[in-house]
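Below: the structure, in C-alpha cells.
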Amino acid sequence: MAKYKPKLNPEIRLNLYRTMSECRALEQRAYDLFMQNLIKGTSHLALGQEAVASGFGNAMREDDYTFCTYRGHNHTYVRGVSMTSILGELMGRECGLLRGKGGSMHLMSMDHGALGSYAIIGAHLPIAAGAAWSAQYRGTQQAAVCFFGDGTTNIGAFHEALNFAVIWKLPVVFVCENNLYMEYTAISDVTAVANPAADRASAYNLDPILIDGNDADVVYETAMTALNKAREGEGPSLIEAKTYRHGGHSRADPGKYRPDEEVEEWKKRDPLDVYRKRLLKLGIDAKSIEKIDAETEAKIDEATEIAKNSNPPPLDIADTDVWADGSSTWRN
Amino acid sequence: MAKYKPKLNPEIRLNLYRTMSECRALEQRAYDLFMQNLIKGTSHLALGQEAVASGFGNAMREDDYTFCTYRGHNHTYVRGVSMTSILGELMGRECGLLRGKGGSMHLMSMDHGALGSYAIIGAHLPIAAGAAWSAQYRGTQQAAVCFFGDGTTNIGAFHEALNFAVIWKLPVVFVCENNLYMEYTAISDVTAVANPAADRASAYNLDPILIDGNDADVVYETAMTALNKAREGEGPSLIEAKTYRHGGHSRADPGKYRPDEEVEEWKKRDPLDVYRKRLLKLGIDAKSIEKIDAETEAKIDEATEIAKNSNPPPLDIADTDVWADGSSTWRN
Amino acid sequence: MAQLTYRDAVHAAIAQEMRRDSNVLFLGEDIAAAGGVFKTTVGLLDEFGKDRVRDTPISEQAIIGAAMGAAMTGLRPIAEIMFSDFFAVCWDLVANQIAKTRYMTDGQCSFPLVIKSANGGGSRFGAQHSQSIENWAMAIPGLKVVAPSTPGDIKGLLAASIRDPDPVLFFEQKSLYATKGEVPDDEHVIPLGKAAITREGDDVSIVALAAMVPRAEKAADILSNDHGISASVIDVRSLVPLDTKTILEDVSKTGRLVTVEENPRLCGWGAEIASIVAEELFWDLDGPIVRITTPHIPLPSADALEDAVLPSTERIVKDVLKLVD
Amino acid sequence: MAQLTYRDAVHAAIAQEMRRDSNVLFLGEDIAAAGGVFKTTVGLLDEFGKDRVRDTPISEQAIIGAAMGAAMTGLRPIAEIMFSDFFAVCWDLVANQIAKTRYMTDGQCSFPLVIKSANGGGSRFGAQHSQSIENWAMAIPGLKVVAPSTPGDIKGLLAASIRDPDPVLFFEQKSLYATKGEVPDDEHVIPLGKAAITREGDDVSIVALAAMVPRAEKAADILSNDHGISASVIDVRSLVPLDTKTILEDVSKTGRLVTVEENPRLCGWGAEIASIVAEELFWDLDGPIVRITTPHIPLPSADALEDAVLPSTERIVKDVLKLVD
Ligand SMILES: Cc1ncc(C[n+]2csc(CCOP(=O)(O)OP(=O)(O)O)c2C)c(N)n1
Ligand SMILES: Cc1ncc(C[n+]2csc(CCOP(=O)(O)OP(=O)(O)O)c2C)c(N)n1
Ligand SMILES: [Mg+2]
Ligand SMILES: [Mg+2]
C-alpha cells in the first residue's frame, strides 16, 4: 500500500478549526431553538464530538459519500450543506433540506455526497458498503465514510457489514465514535470487550485503530490514511475514535446517569478549546481565530433568521415522492 | 475455574461409538427412504459429522438443553429421541415426533431437552442464550448447547448472541461445526478470517477453541470442559469443530462443487472409521464393536418398519396448537 | 381508583405482575437504570433488583431471542422494543420463531411472553420512529396483538398479556403516554379479546384502535351534537384475538361501518374487519364500508405535515357525514 | 415463441436485462457459481462475469444494504433472498430504509432495485420455508410488489421490475418453478400494475395471485362445465401498483367477488381488495364478498396436512357454488 503522509499546513489547520467552530455554533443554535420551542420532535446533538466530523469532512474528496446517524447534523454540515437548510429542517420549514419530510434524524443531501442520516441502529453500515461497492464497480475511486456510535457495534448489521466489506475489499471507512454511552446506558455495561470497535477489528482481519476523537489533527490524519487506502483498492478500515457528548442523548435527556467528574474531565478536553490552544502554540495569530469565530457567528445568525422566517411546508408535499414519478399513487 | 478432567473409560468410549453408529444408521436410512420417495420435501444429512453430536450427546446432563439447525437429526437423536419418531417425522406420519407438523427441519423434543431445530440461519443462537439465562435465573446449573454451521458465523444474530451471552455470563456453549461449506459456497470465499468462529472469539473476550470435530474423544473432552465451565457460572464458550459432510447440502444437492480430492481426503477421516480403529488399538475387542453395529442395524430396521406402517397424520391436527389452549382460533 | 397517566399505568401493570409471580422478568434497552426512554418503567429496577430487570445492549435479536428461550423453559419474560419500528430488526425472531414454534412442534412448548413497544405517530419523530405496525403483527399466525387506548385498559390488558400463555405483542401508543384516566388500585386484569363499546349509537359503527379511539369518540360527540347522527364507537383493544361478535352485533344494528386506522392504508387491520363484515353481514349493511387510514405513505416529520396525514377528528366527522347523509 | 419453464423464464429476464444495461448487477447466496438453489440463475456468472454476478455470505442485511447503497449511487442491483421467509432477517433494510428513504429526503434519491425471492408453499418445506409474504410487502408504503403466475409473465414483469425506477419485491412462487408456458424470445417487457383477465365470466369474479391463479382457472372451468356458472378469473400480477380499474370493472359486471389468497388469513391482500370493493362498488354487489385463504396458521410440513390447508381448486368451486347458488 502506498503510504500517504498528510501535510498539516496552517491552511488545513484553520479549516479544521473553522469547521469545528461552525458545527458548534450550528448545534448550539439548534439547542437554543428547542428551548424556544421552535424545534419540535426530537434532536440528537453532537456537542463535544466536532473533531470527528471536522477531521473527516476536511479529508474527504467532494465526490466521496458519507453515511451517518440521527446524530448527524455535523456530518451532514461538513459536506457543504447550508446551515439554513439544516436549521430549517429541524424546524419543519419550507427552506428545510427535506422541506420537513425527514426531520432532524434524516438529513441527506445527494448533491453534497451526504447520503443520508439513518435512525435505526446499524442499518447504514451495509448501505455504506453498498455505495462503496458501486464506486468500486464504476471505478471512480470514491470512498464511502460511515459514522456510527459505540452502541452500534453490538447489533447484527455491524457484523454483517464489516465481514462483507472486507471480503469484497470495498472502499469504505467505518468510523465508530465511541462517546462511552448508548442512550442512557454505559457501553462498558453491555459489551464483551473494552474497545467496542477496535477490539473487534481482528474478527474481520482488520488492524485495530483506536484514536483520540477529540483531536482534529489525529482524526484528519487517520482519515487521510484510511481514505487513501480505500482509493488504492486496499479495502475497508474500522476506526474507533474516543470522544464524548457534552449534553444528553437527545432533547429529552439531561444526561444525569453520567458521573459529574467524568463530564468535567471530558469538558476539559473540549475539541475546540484543545485546538484553539494548539493553533496559538503553533504561532497562528489570535486574530485569525477570532475572525473565524466572528464569521461563524454572523453565519449562524443569518441562517437562523432565514429559517425562522421560512413558511411551514405546503401541505400537498405530504403525498408526493413515494415513487420516482413524484407521486404516492398505488392504484389506478 | 475448577478444571474438570474427563475420564475416558472404555464404557464412555463404547457409548461414543454406539451413538455415532446409530446416527450413521439413522441418516443412511433417511437417505434410502428419500430414494424410495417415502420422504417428501427436503432433508439435510450430517453424514460424516457424527462425532460432534456424539461427543456432546454423551457429555451432556439429561436436563441440559440443545438447540440445533435443520441439519439436526443427530443432535436430536443423541438426546434420547427414538429413531421411529424421527423417521416418522421425516416421512410425515402419525408416529412422527411432531406428527408431521414440523418436518425434517424442525425436530424438537421438550421431554428430552432437545429444544428445537431452527431452519432460519442464526435465530437459535440468541434463543439458546435465553434458555441459558433461564437456567441461570432458576439456579439449576443446566447448560444450553447450541450447534450451528460455519456459514452461520456471518449473520447478525451470531454476533448479538455471542456478545449477549458473554456480558450476562450465561451457561451456554456455542458449537460451530465447520464443514467448510455453506450450501454450495465455500466458507473461505465469503469470510474475512480463516477460522470463522475461532478467529472471532476474541471479539467477545473468549478464548479461541479450534478442535478436530471428527474425533469423538476430542469433542467429548472439549464438551465436558465447556459444560463444566458453564455450570460453574464461568460463562459461555465458543467452540469451532472442523468436520465435513460426506454428501451434498440437502436432498437436491449432489455436492459437485467440491474437489474430488477434498471429499476423498475427508472420507478417509470418517469419524466412525477413525474411532473403530482407535478402539481396537486400545484393546477393545472386535466383538463388542460388532455387537454394537448389529444392535444398531436391528434398531434402525425396526424403527423403519414401524414408521413405514404408520398412518398419515389425522387432518384435523392442521388447525390445532397455534395457541396454548390447543386451538387456532383468532376470533369469537 | 386513582387518576394515572397511560405511562404510569404501564408501570402499575408490570409492578403488579412482578410482585405476583417471580417468574416474570423484564429486559430491554435502557429500561432498568434509566427507567425507560418513555419513563414507563421507573422504579422497577429498585423494587425487583437486577436479576429481574435488566438493561441490554442494542441487540434486538438477542433481546427477543432471550425472551423466547426463557419463555420456553418456564419463565414469563417481558421484553421491550423501544420503538415499534425496530421490530423490523428482529422480525425473524418474532414472526418466524416465536410465532411458529409451538405449532411446528405439535404443541410441545408454549411462549408465555410479552413484547411491549411504543407505537404510532404524532410526536414529529419522522418515518422511522412513528409507524403503527399493529397490522404487521396481526398478519402473523401465532401472535396475539393488543393496543389499548386508556390508562385503565393499559393496566388491565398488560396484566392479562403477562399472564397469557401465548406470545403477545403489546403496543403502547406514544401519543397517549401523557393522557390520564381512572385506573383501579387493586389487582386489575381485563381478559384479552373483548372490544369495548365506548359510545352507543344507532346510525353508524365507528371501529377504532389506540390513539384513534379518542378521535373517534370526539367525532361521535360532534356528530351527535351538531348533526343529529348517533354513532357507536368500538375500541377494538385486541386485534388478536378479535372480538368479531361485538363488532358484528353493533354493525348489524347500525347498518354502517367506518374503521379508523393509524396504520398506512394497504393491508391494515381495518381491511380485515371490513372483509369480515362484507362477507358475514352483507345483507344487513345499509351502505358502503368506509376505511379511514393514514394514506399509504411513510410519515412525514414536520408538525404541519404529520397532522395533515394522520386521521383527524374532522376527517372522521366528514367521512361519516358523507356516508350517512 | 419458446416453451419455457417458469424457472428458466427467470433466467431469461435477468439475462435480457443484464445484456441491455451494464449497470444491472446481481447478488445473493449461491446464485453465481451454483446457479441458485432453485436453478433459476444457471449460466449468468459465465455470461456476465464475477464483477456483475456475485455470491455472498449468509448476511441478508448486508445483501440488501449493498443493493440499497448501489441503487442510490446509480446502479440497478438485483438481490436474491433465497426464501421469502428470510425477509424477516433483513426487514429493517427493506421496510424501513429502502421503502422510506426517497420520501423522507423529499425525493432526492431513487432506488431502482429488485429483490427477488422464492415464495409460497406446497413443497413440504415446513413453516419457515413456505410462507407467502406478499401481504407483508404490500403493507409497506414505498415498495412495489409483483408476483407472476406464468413463465411469460415472469419474463415480462421481471424485466419491467428491473427497469422500474422504484424498489420492487418480486415473488417467484416455488410451486410454479416447474410449470411451462409460452415465453417470447425477443425483448419482452410487461408494464407493472396491469392485472390480467385470464377467463371472462358474468356470474362471479375470482381474483387470484401466483400459484392460486391456475387453481382459480381450473375452478372456473369446473364451474362452467359442471355447474353452468360463468366465472371470470383475474390474475392480479402486481399488488402495488394495484390495477383496481380492471378489478372494479369486472366485479361491477359480475356483481360478486371471491378472492383466493395463499397467505394466511389476517390482513392478506384479499382483505385490501375486499375493502376497496365494499367501499366503492357496494351498490353494484349482488352478494357477500368471499375470501378464500390459507387458515391463519403456520404451514404444516407433511404432504397430507399441507394439501389440506392451502386453498384448493375444490374449495374454490365449493365456495363459489355456495355464493352463487
Ligand atoms: C435498532 C435500534 N434500536 C434502538 C434504537 C434506539 N436508540 C437510538 S440511539 C441509541 C443509542 C445509540 O448509541 P450509539 O451507537 O453509541 O450512538 P450515540 O447515540 O452515542 O451517538 C438507541 C438505543 C434505535 N434507533 N434503533
Ligand atoms: C437467514 C437464512 N439465510 C439463508 C438460508 C438458506 N440456507 C440454509 S442452510 C444454508 C447454509 C448454512 O451453512 P452452515 O451454517 O455452514 O451450515 P451447514 O448447512 O453447513 O450445516 C443456507 C444459506 C437460511 N436458512 N436462513
Ligand atoms: Mg454512543
Ligand atoms: Mg457449513
Side-chain angles (χ1 to χ4, degrees), chain A residues 65 67 96-103 105-111 115-116 118-138 140 142 144 156-157 159-165 167-168 170 172 313 317 320-326 328-332, chain D residues 22-23 25 27 51-52 54 56-75 77 89-90 92-93 96-113 138 141-142 144-145 164-166 193-194 239-247 276:
Chain A
Y65 301 130
F67 292 82
L97 188 56
L98 323 166
R99 291 194 296 169
K101 289 179 83 167
M105 296 204 273
H106 295 294
L107 302 181
M108 162 184 280
S109 176
M110 289 296 288
D111 286 347
L115 263 52
Y118 297 79
I120 299 187
I121 297 293
H124 65 310
L125 281 79
I127 304 168
W133 174 38
S134 164
Q136 181 190 62
Y137 178 73
R138 290 179 286 109
T140 57
Q142 294 163 285
H159 179 65
E160 294 192 16
L162 263 292
N163 182 66
F164 192 83
I167 58 170
W168 287 17
L170 300 177
V172 54
I317 69 169
T320 61
D321 275 318
V322 171
W323 309 121
D325 70 4
S328 63
T329 311
W330 52 268
R331 60 178 286 187
N332 55 9
Chain D
S22 66
N23 282 336
L25 308 184
L27 81 168
D51 283 352
R52 296 182 65 192
R54 303 196 70 161
T56 69
I58 308 175
S59 306
E60 278 78 5
Q61 295 189 78
I63 293 170
I64 302 301
M68 178 172 174
M72 74 198 292
T73 53
L75 302 181
V89 300
C90 55
D92 179 52
L93 272 301
N96 287 333
Q97 311 302 338
I98 289 175
K100 294 178 172 52
T101 298
R102 178 180 169 78
Y103 181 87
M104 291 194 301
T105 59
D106 198 27
Q108 284 188 51
C109 46
S110 300
F111 297 93
L113 61 85
M138 190 182 190
K144 294 183 175 172
V145 185
D164 200 88
D166 292 310
K194 290 268 157 259
L239 293 172
V240 181
L242 182 66
D243 185 0
T244 50
K245 195 157 158 285
T246 297
I247 297 169
I276 293 169

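Lettering follows sequence order; numbering is per chain, from 1.
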Open item on the list: So for D:Gln108, is it side chain, backbone, both, or neither that comes closer than 4.5 Å to the heavy atoms of chain A?
Closed with: both

Task: Side chain / backbone / both / neither for D:Lys100 at chain A, heavy atoms under 4.5 Å - done: neither

TODO: Under the salt bridge (charged side-chain N to carboxylate O under 4.0 Å, His left out) rule, collect the residues that match up with D:Asp243, sequence neighbours excluded.
DONE: none

- [ ] Measure distances from D:Ser22 to the heavy atoms of chain A and classify the residue's part below 4.5 Å as side chain, backbone, both or neither.
- [x] both

Open item on the list: Strictly distance-based, threshold 3.5 Å: is any side-chain N or O of A:Glu160 a donor or acceptor partner for the main-chain N or O of D:Gln61?
Closed with: yes

Task: Nearest heavy-atom neighbours spanning D:Met68 and D:Thr101 - done: CE-OG1, 3.5 Å

TODO: Tell me, out of D:Pro241, D:Pro165, D:Ala67, D:Gly142, who's got the most heavy-atom pairs with chain A below 4.5 Å.
DONE: D:Gly142

Task: Partner chain D: residue of A:Ala129, A:Gly102, A:Ala131 with the largest heavy-atom pair count (under 4.5 Å) - done: A:Ala131

Open item on the list: Which atoms of A:Ile167 are under 4.5 Å from chain D, going by heavy atoms: the side chain, the backbone, both sets, or neither?
Closed with: side chain

Task: Donor + acceptor pair across side chains of A:Tyr118, D:Gln97 (<3.5 Å) - done: no

Open item on the list: Looking at chain D, which one of A:Gly100, A:Pro313, A:Ala157 has the largest number of heavy-atom pairs inside 4.5 Å, strictly under?
Closed with: A:Ala157

Open item on the list: Taking side chain as everything from C-beta outward and backbone as N, CA, C, O, which of these in D:Ile98 sits under 4.5 Å from a heavy atom of chain A? Side chain, backbone, both or neither.
Closed with: neither

- [ ] Compare all side-chain heavy atoms of A:Phe67 with those of A:Met108 and state whether any distance is below 4.5 angstrom.
- [x] no

TODO: Please state whether the side chain, the backbone, both or neither of A:Gln136 comes within less than 4.5 Å of a heavy atom of chain D.
DONE: side chain

Open item on the list: Using every non-hydrogen atom in the two residues, find where A:Trp330 and D:Val240 come nearest and quote the distance to one decimal.
Closed with: CB-CG1, 4.2 Å

- [ ] Pick one of side chain, backbone, both or neither for A:Ser328, based on which atoms fall under 4.5 Å of a heavy atom in chain D.
- [x] neither

Open item on the list: If I compare all heavy atoms of A:Gly326 with all of D:Arg102, which pair ends up nearest, and what's the gap?
Closed with: N-NH2, 4.2 Å

Open item on the list: Which residues pass the side chain to side chain contact (heavy atoms under 4.5 Å, CB included) test with D:Thr244, not counting sequence neighbours?
Closed with: A:Arg331, A:Asn332, D:Leu242, D:Leu248, D:Ile276

- [ ] Go through D:Pro57, D:Pro112, D:Ser59 and name the one with the most non-hydrogen pairs under 4.5 angstrom from chain A.
- [x] D:Ser59

TODO: Let me know if A:Ala123 has heavy atoms under 4.5 Å from chain D in its side chain, its backbone, both or neither.
DONE: both

